[in-house]
Number of protein chains: 2
Amino acid sequence: MELTAAEENYLKVIYKLSDGGKTSISTNDLAAAMSMKPASASDMIKRLAEKKLLDYRKYYGAELSELGKKQAIEVIRRNKLWMVFLADRLKFSWDEIDQVADELEHTRSGLLLSRLEEFLGYPKVDPHGEPIPDVSGAIQTRPRIPLLALPIGQSAQIVSVKDSSPAFLKYLDKIGAYIGAQVKLLDKVEFDGSIELLVDQKRTVFMSSSIAANLLVMP
Amino acid sequence: MELTAAEENYLKVIYKLSDGGKTSISTNDLAAAMSMKPASASDMIKRLAEKKLLDYRKYYGAELSELGKKQAIEVIRRNKLWMVFLADRLKFSWDEIDQVADELEHTRSGLLLSRLEEFLGYPKVDPHGEPIPDVSGAIQTRPRIPLLALPIGQSAQIVSVKDSSPAFLKYLDKIGAYIGAQVKLLDKVEFDGSIELLVDQKRTVFMSSSIAANLLVMP
DNA sequence: ACAAACGATTAGTCAAGGCTAAAAATTAAT
DNA sequence: ATTAATTTTTAGCCTTGACTAATCGTTTGT
């Protein structure tokens, strides 16, 4: 199975959009997520269907096949391992990682990947806290709840961010939050749903509910 | 100046074939070095000429322009830094490095490159002993002579290999030689030009003159 | 010096992967 | 229940970069 970089990119995005390849996604959504025109996405979907990477019925959206899921997970695995390299070893900040990892992920060398993984010490999560699929494609998920669902007074660890936009990541940096940071929910404001948070036992910050909704924590 | 991966590959190979872009190279030689057909090389030469990356007169070969040299050196710099990463950090053996580095070299991110260089401790030579161009494109060469030119009894350090074929690199591995290894020329056999060599003050090996001709040393 | 051989270029084809514009299918609105 | 709006697909075009086959220049051998 020889996939091009473009095909891999589409598979990766389809996988992410469709919640692990379970639900069907639309051409327009895919095109938007890829920053391309619907016509191009439609084209590619047809090609991927011919290669048995997804099931497709005209005008009714596409859903990854088992084979497609496997390939997508492989790409995501490569992507996340490079992310760890960039963040941990090259000291990239959160908002600089994604673009470069998207380029590096297409190097198809089994040896490179296994050596890289070993070099990084077999990390289990990427810099955003998302689990990294293992070599067989298994994804170990951890129990996680939205920060907003935490009871007042409870401590937890930030394990993941849902939004990875540069603006959002910059904001997190500013308030001293990061994956693995210890936080304690001090109070919830009834009026607008904003919260008061103790970060790393040092800093108290106020956070809007829309920000808090994007943070997942492990109590 | 936006170069595609294919254009970068051609520039790199042209640079190497033409001894730093100084001498003119032929279409056939280029095609052979790229493992492609002459028609394809001819095509690409025309395109590179249009982009002012080389000077070209039909039927008389091509020569890199100053701009072309600059770009080629930049590619070579990226390539060699990745080589160091693969060899030093990921423990790739000599014969596994080149192919993977040729894929990684096309990631165009200034930040990535400078961080990688810093991470590697600003190496000055690649795993084959060749100097790595610095960020401004300057190449610091070191005095080096062929192993065969060494006087009997003289010690020296292996600094470079001219041939990088897997077979040759495997052979070097087998006799315990590597870039940076200390060697002493014990004797030369008049009859066939072969030599007797002490490697790393431990092992004595006999080496044919054709092998020895591919090793450059620094006395 | 002229034909053969060799090397380089052109012409035409193909696949990938993007685009725009137009047509077709589906969904929503009156 | 038609019309209108939206979504999806098709059709046609473009660029990159490879190929083969054919032609054009240069070089060489006798």
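Proteins get letters first, then strands, A, B, ... in listed order; numbering begins at 1 in each.
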With sequence neighbours left out, the residues meeting side chain to side chain contact (heavy atoms under 4.5 Å, CB included) with A/Ser93 are A/Asp95, A/Glu96

d(A/Arg115 CZ, B/Leu90 CG) to nearest 0.5 Å is 7.5 Å

Between the NE2 atom in A/His106 and the OG1 atom in A/Thr4, the distance rounded to the nearest 0.5 Å is 8.5 Å

Nearest-nucleotide check on DNA chain C, A/Tyr60 vs A/Lys37; residue mapping nearer the 5' end is A/Lys37

Would you please test B/Lys69 and B/Glu66 for salt bridge (Lys or Arg N to Asp or Glu O under 4.0 Å) and show each step?
CA-CA 5 Å; B/Lys69 268 185 239 179; B/Glu66 283 309 311; 3.1 Å; yes

Looking at C/dA8, I'd like to know if its phosphate oxygens (OP1 or OP2) sit under 4.0 Å from a side-chain N or O belonging to B/Lys46. no

Under a 4.0 Å heavy-atom cutoff, the residues of residues 98-109 of chain A touching DNA chain D are none

From CE of B/Met36 across to P of C/dA8 the rounded distance in Å is 17 Å

Only one of B/Arg144, B/Lys80, B/Arg77 passes salt bridge (charged side-chain N to carboxylate O under 4.0 Å, His left out) with B/Glu130, and that residue is B/Arg144

Result for salt bridge (charged side-chain N to carboxylate O under 4.0 Å, His left out) between B/Arg78 and one of B/Glu117, B/Glu105, B/Glu103, B/Glu8 points to B/Glu8

**Request:** For the pair A/Phe119 and B/Phe85, name the ring-plane relationship: parallel under 30°, tilted 30 to 60°, perpendicular over 60°.
**Result:** perpendicular

Result for 5'-nearest mapping on DNA chain D, choosing between B/Ser35 and A/Thr27, is A/Thr27

Open item on the list: So, OP1 or OP2 of C/dT10: does either fall under 4.0 Å of a side-chain N or O from B/Lys58?
Closed with: yes

Contacts of B/Ile179 meeting side chain to side chain contact (heavy atoms under 4.5 Å, CB included) (sequence neighbours excluded), chain-then-number -> B/Trp94, B/Ile158, B/Val161

Hits for salt bridge (Lys or Arg N to Asp or Glu O under 4.0 Å) against B/Lys51, two or more places apart or cross-chain, chain-then-number order -> B/Glu7

Whole-Å distance, A/Tyr59 OH to C/dT27 P, equals 11 Å

Comparing A/Thr4 with A/Ala39, nearest DNA chain C nucleotide closer to 5' gives the residue A/Thr4

Within residues 5-22 of chain A, the residues having a heavy atom closer than 4.0 Å to DNA chain C are A/Ala6, A/Tyr10

OG (B/Ser160) and CG (B/Asp126) are apart, to the nearest 0.5 Å, by 7.5 Å

inquiry  = OP1 or OP2 of C/dG17 versus the side-chain N and O atoms of A/Arg47: is any pair under 4.0 Å?
reply    = yes

Bounded by its outermost nucleotides with an atom under 4.0 Å from a heavy atom of chain A, the footprint on DNA chain D reads D/dT7 to D/dT10

Item to complete: State, with a plain yes or no, whether a side-chain heavy atom of B/Asp102 is found less than 4.5 Å away from one of B/Asn9.
Response: no

So what does B/Ser40 hit on the nucleic acid, given a heavy-atom distance under 4.0 Å: a base, only sugar-phosphate, or nothing? base

A/Asn28 atom CG is separated from C/dT26 atom P, nearest whole Å, by 16 Å

